[in-house]
Student: 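Can you keep this structure in mind? I'll have questions shortly.
Residues take their numbers from the sequence shown, with the count starting at 1.
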Amino acid sequence: MKILFSRFFEGGAYPSVTEDRPCLLGEARVDGGGFLRILETHLGLTGRYPPPAVRAAALVPLLEKQKGFWSASVREAPLQVAARLLAWREELAMQGWTGQGASPRLKELAAVTADFPQAFPGPSDRLRAVLEALPDHAVPFTEVELFGRRESLPLLWRCLLDTLRAKGVTITAGTYPKVAGRGDLKACLDRPFAPKGDGTLQLLRSPGPMDAAEQVAAWLAALGDDLEGTVIIGADAILDEALHRFHLPTLGAAGEPSDNSLLQILPLLVECAWQPPDPGKVLELLSLPVTPVPPFLAASLADCLSTWPAVGSDLWNSTLADRLATLSEKDDRERLKERLEAIFASPVKRGSAYPAAELQNRLLLLESWAHGRSRNVEDPTDWHVLFQQCENFRRLIEVSGKRGFPEQLLRRLLEQAAEDLPVASRRPSCAGLTYIGHPGALLGPARRTVWWNFTTAAVAIPRVFPVSPGERRFLRNVGVELPEAGALLEAEAVAWRLPFTQTTETLILVSPQTGPAGGESFPHPFWDEILASVPRKPALACLTVPGILSKQALKTVRKKVEALPAKRLDWSLPRQATLPERTESPTSIDTLIRCPFRYVVQYAGRTWPGRTAALPAEETLLGDLVHFLVAEFLKSGKRTRKKEDWEALARQLFDEQAPRLAAPFFLPGGEIWRTKAQQALAVALKAIGSLRQELEGFETVHLEEEIAGKAFGGAFAGTPDVALDQPPAIIDLKWGGQSSRSQSLRRGTATQLASYAFLLKQARRLEELPPAAYLILQTGRVLTNVPEAFPGAICLEGPSLEATWKGLEKAVGERRGKIGNRLVQALGTPEEPPPPTEDQLDEAGMLHLHPRCEWCAFGRLCGLAYGG
Ligand code: SF4
């Protein structure tokens with residue numbers, strides 16, 4: 001067996017089969033990790049080695065116990081400090097350091113990590129174990145071909161090669177064939193270089209990565225051959241998606257960790273235990289494609305959160321009970337109920353340490369659900385990654401030795417548990433194109449090479465142990481030679497030349513002007529080497545292209561462009577169509593007058609705007625909460641007449657109800673909204689105090705009770721916030737909009753008040769419409785046009801409610817008449833005459849209401865959204 005070894009082979013190598021062989025039998029191309037695994041397997045040294053995150057977490061208790069140069073910083077960022085110290089130890093150990101101390105720093109580092117390797121070995125410890133075991137064993141291969149300079153390898157690797165040679169293994173230096181490039185590609189490494197712009201070497205500076213991916217895929221598709229000998233270096237999911245769109249073979253490039261939505265479950269389950277739970281996180285959990293909350297329940301609970309963003313609101317509890325009741329099997333119901341109670345129990349007070357026992361419970365819950373759920377899936381790969389994440393997290397908790405975790409540390413541990421997990425590819429790896437991870441893995445002639453991400457950002461800057469001159473001298477004396485960062489970069493730069501020397505026809509260097517996050521992006525440092533060899537800098541312009549130059553004419557397919565639908569006023573109902581009988585409400589009647597088209601689509605066609613799961617905005621939630629609390633206050637205060645009792649009751653209501661309804665106001669950062677809500681409630685109660693005379697007869701107050709009646713030739717019903725009986729009156733609570741409500745009273749367009757007043761008149765068999773008023777909660781103002789009925793209210797002179805109701809009846813009659821003749825009008829569309837810009841009651845007593853197209857979701861149906 002022959003080993004081809006290079007630290008650049010992690011993402012594969014090209015060509016995958018050497019020219020004189022038909023297949024890969026008896027040959028392995030490996031990086032350091034792969035080489036080590038082969039030796040460990042042969043020597044019987046295999047085991048489950050801890051991931052770097054677990055090693056770092058295991059070091060934290062030692063760092064906290066022992067004083068050292070890390071002590072000040074370990075208090076702030078324990079895991080990061082532990083990871084950095086381990087990286088330094090690894091770097092030193094790879095160069096032969098065995099704990100010799102010249103300075104206090106090296107002594108402290110040696111002391112704190114002295115016993116660490118036994119339980120948590122790193123790569124250097126594993127390599128030492130191999131070196132110790134090798135002399136007593138035969139070697140399973142006969143030849144090692146090393147690509148890259150031997151001197152650039154760390155000391156332990158060089159020792160390994162020496163040991164292998166001593167055991168009879170042939171160690172050769174890998175060679176690269178001489179390749180006959182042409183044109184600019186051949187000349188670019190010479191000095192001086194006079195570019196011709198012949199297309200053999202191109203620096204693609206498209207605006208962004210998406211555009212670059214489209215360019216590369218279009219170019220490859222236009223080549224029209226089998227893509228034999230075409231190599232892509234360092235591809236990512238963006239390029240893979242573009243290749244897929246052009247029906248080209250995809251590369252199986254790794255996607256983002258977030259592509260595996262299963263990995264989001266654990267952090268969200270952990271979040272749910274904080275009291276109060278963050279409704280945003282709960283919504284995320286409910287919105288995942290697969291979660292321990294089954295879809296039939298998750299959608300309903302997500303809906304609850306969009307009304308009252310809190311776990312445990314009355315709405316949440318009743319929805320949960322209703323949906324569980326739909327399960328016919330009692331056992332299933334009980335099992336699911338138990339699981340949900342465990343998920344949404346929130347025993348951990350925010351600001352306190354999160355108990356390790358609670359974390360273990362949640363891990364068990366997740367694992368037991370995942371075991372059952374993954375049994376029937378076709379491809380369990382993603383599930384294996386989830387189990388690995390759980391396992392990592394469990395080990396992190398255990399090795400940290402803590403019984404409770406502050407929030408910040410817990411977040412970091414959750415991140416670390418998911419670090420280094422295999423990331424699934426969005427697209428499969430197909431035959432056709434060859435993908436390699438690093439330019440150093442280009443071992444032989446490639447016909448075309450695309451160096452994806454030829455950018456500065458893609459270059460990993462080596463982080464070396466910041467050794468002092470004294471420490472360096474001491475280490476050198478004990479045989480530990482630490483490389484400079486410059487030397488490491490130099491070794492890397494040798495690999496950067498390979499795409500230029502191993503490509504025969506075309507090399508495309510993809511360096512978009514902006515990165516994936518939109519920031520400015522610059523070409524790879526190797527481009528500076530090309531720049532340096534061009535004496536006439538303007539000549540370089542012919543190498544820098546916004547789109548790939550190609551001899552093959554790209555085929556342009558012109559698609560027929562369909563005209564956008566034009567907006568249209570008049571629509572006809574089909575002959576056989578009849579509008580279903582329904583109970584109208586003040587809102588549906590308002591819609592009918594503003595735009596019959598919208599009314600028909602929505603109420604007869606039962607078409608509703610699409611919805612996405614979202615929490616209400618703070619301002620909306622504030623209004624809803626105060627509205628709810630005022631209504632509850634009025635309900636609870638039926639027997640209370642003293643103002644002082646009202647205040648105590650209001651405080652009690654707020655403390656009891658608000659956290660169950662508006663959790664965001666009780667999360668860190670929500671204080672300002674909590675204060676606003678309390679202030680708004682106080683203002684609203686003061687206003688209610690001014691209406692005490694009307695509310696004196698509490699027994700006759702009806703709160704949010706539906707009043708059903710008849711109007712417009714059919715059933716009509718509405719639910720006023722407050723309906724009074726002695727004397728009769730209507731009060732409608734509104735969060736804000738004082739000026740528009742005032743205007744509606746002045747102009748006689750307060751259709752909602754008129755509708756409620758009409759319903760109360762009908763229900764109580766009154767002679768005339770009772771008075772009505774708006775109570776604006778935000779300002780505490782009462783608005784009416786019947787001031788004698790509401791002492792202290794702002795009086796707005798305008799047409800009576802009777803006139804408004806009559807105008808409403810007229811307008812409904814007019815709209816219904818047209819619909820009866822099968823004509824449905826989209827009243828926001830006409831240019832001549834234009835729709836009313838404001839609501840008004842005209843001199844003939846007809847009500848005209850502005851269509852409010854800006855609030856309508858059906859603009860694409862009537863055509864208004866397309867303009868024209
Ligand atoms: S956009 Fe305007 S005209 Fe069109 S349906 Fe909606 S309200 Fe009617």
Side-chain angles (χ1 to χ4, degrees), residues 567-570 584-602 609 619 623 712 718 730 732-758 769 772-779 781-787 793-819 824-859 862-865 867:
K567 63 182 181 182
R568 195 166 122 196
L569 170 66
D570 294 336
E584 299 291 1
S585 67
T587 310
S588 68
I589 287 299
D590 184 83
T591 307
L592 172 66
I593 301 174
R594 291 186 190 280
C595 178
F597 180 89
R598 180 175 173 184
Y599 169 87
V600 168
V601 169
Q602 190 164 314
E619 193 68 37
F712 317 113
I730 293 287
D732 204 22
L733 308 181
K734 295 288 179 205
W735 168 241
Q738 184 167 326
S739 88
S740 61
R741 312 277 175 212
S742 303
Q743 201 171 56
S744 70
L745 285 166
R746 268 195 216 103
R747 295 186 170 184
T749 57
T751 56
Q752 210 178 7
L753 284 188
S755 298
Y756 292 145
F758 173 82
L769 291 190
Y774 288 122
L775 168 52
I776 307 297
L777 298 172
Q778 213 169 15
T779 58
R781 300 291 183 177
V782 178
L783 314 175
T784 185
N785 53 9
V786 194
I794 298 175
C795 173
L796 297 146
E797 286 186 17
S800 65
L801 283 183
E802 189 70 43
T804 306
W805 177 253
K806 290 230 160 7
L808 196 64
E809 284 183 319
K810 262 192 183 180
V812 171
E814 193 266 350
R815 305 292 192 260
R816 287 261 176 88
K818 283 189 178 162
I819 293 176
V824 179
Q825 291 189 307
L827 289 179
T829 56
E831 268 152 34
E832 271 316 316
T837 51
E838 286 177 333
D839 298 349
Q840 49 190 299
L841 189 65
D842 70 14
E843 283 173 2
M846 175 66 140
L847 196 63
H848 301 274
L849 299 182
H850 170 42
R852 291 197 182 151
C853 296
E854 64 274 27
W855 302 110
C856 175
F858 301 123
C862 71
L864 193 78

Student: Do you know the tightest heavy-atom contact between Cys595 and Ala826?
Tutor: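 The pair with the smallest heavy-atom distance is SG-CA, 3.8 Å.
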Student: Ile819 and Leu592: side-chain contact (heavy atoms from CB on, under 4.5 Å), yes or no, with the steps?
Tutor: CA-CA 10 Å; Ile819 293 176; Leu592 172 66; 3.8 Å; yes
Student: Check Gln778 against Gly736 and note the closest heavy-atom contact, atom names and distance.
Tutor: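 That would be OE1-CA, 3.5 Å.
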Student: Which pairs with one or both residues in residues 743-758 pass salt bridge (charged side-chain N to carboxylate O under 4.0 Å, His left out), sequence neighbours excluded?
Tutor: Arg747-Glu838
Student: State, to 0.1 Å, how close Val782 and Ala773 come at their nearest heavy-atom pair, and which atoms those are.
Tutor: CG1-CB, 3.8 Å
Student: Counting distance only, does the side-chain N/O of Asn785 pair as donor-acceptor with the main-chain N or O of Ser800 below 3.5 Å?
Tutor: no
Student: Below 4.0 angstrom, N of the basic side chain to O of the carboxylate: do Lys810 and Glu814 qualify?
Tutor: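 Looking at Glu814 together with Lys810, the answer is no, because their closest N to O distance does not fall below 4.0 Å.
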Student: List the atom of Tyr756, the atom of Pro586, and the distance in Å for their closest heavy-atom pair.
Tutor: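 Tyr756 and Pro586 have their closest heavy atoms at CE2-CG, 3.9 Å.
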Student: Do the side chains of Asp839 and Thr751 get nearer than 4.5 Å, heavy atoms only?
Tutor: no
Student: Quick one: pull up OG1 in Thr779 and CH2 in Trp735 and give me the separation to the nearest 0.5 Å.
Tutor: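 So the OG1 of Thr779 and the CH2 of Trp735 are separated by 9.5 Å.
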Student: Any ion pair linking Glu584 and Arg815 (charged N to carboxylate O, less than 4.0 Å)?
Tutor: no
Student: For the CG atom of Leu769 and the CD atom of Glu802, what is their distance to the nearest 0.5 Å?
Tutor: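 Reported value, rounded in 0.5 Å steps: 4.0 Å.
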Student: Any heavy-atom pair between the side chains of Leu745 and Tyr774 that's under 4.5 Å?
Tutor: yes
Student: Which distance, rounded to the nearest 0.5 Å, do you find between the CZ of Arg852 and the OG1 of Thr591?
Tutor: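 Nearest 0.5 Å value for the CZ-OG1 distance: 9.5 Å.
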Student: Please report the shortest heavy-atom distance between Leu841 and Gly748, naming the atom on each side.
Tutor: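 Nearest pair, atom of Leu841 first, then Gly748: CD2-O, 3.9 Å.
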Student: How are the rings of Phe758 and Trp805 set to each other: parallel, tilted or perpendicular (split at 30° and 60°)?
Tutor: parallel
Student: Nearest 0.5 Å please: distance from the CD atom of Glu809 over to the CD1 atom of Ile589.
Tutor: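 Glu809 atom CD to Ile589 atom CD1 measures 10.0 Å (nearest 0.5 Å).
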Student: Inspect the surroundings of CD in Glu854 and state if more than 12 heavy atoms from other residues, nucleotides or ligands are less than 6.0 Å away.
Tutor: yes
Student: Quick one: CD1 on Ile776 to CG on Leu783, what's the gap to the nearest 0.5 Å?
Tutor: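 The CD1 atom of Ile776 sits 4.5 Å away from the CG atom of Leu783.
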Student: Without swapping roles, check the side chain of Thr784 against the backbone of Cys795 for a donor-acceptor pair under 3.5 Å.
Tutor: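 No; zero donor-acceptor contacts below 3.5 Å.
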Student: As an exercise, state the distance from SG of Cys856 to CG of Leu864, rounded to the nearest 0.5 Å.
Tutor: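 Nearest 0.5 Å value for the SG-CG distance: 8.5 Å.
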Student: Decide yes or no for Leu808 and Ser755: does some side-chain heavy atom of the first lie under 4.5 Å from some side-chain heavy atom of the second?
Tutor: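 A side-chain contact exists here, since the closest heavy-atom pair is under 4.5 Å.
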Student: One pair to check against side-chain contact (heavy atoms from CB on, under 4.5 Å): Gln752 and Asp590. What are the steps and the verdict?
Tutor: CA-CA 8 Å; Gln752 210 178 7; Asp590 184 83; over 6 Å; no
Student: Between the side chain of His850 and the main-chain N/O of Pro836, is any donor-acceptor distance below 3.5 Å?
Tutor: yes
Student: For Leu827 and Ile593, which heavy atoms make the closest approach, and how far apart are they?
Tutor: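 Taking Leu827 first and Ile593 second, the nearest heavy atoms are CD1-O, 3.9 Å.
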Student: Please check: side-chain N/O of Lys734 versus main-chain N/O of Arg741, any donor-acceptor pairing under 3.5 Å?
Tutor: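 Checked: no pair found.
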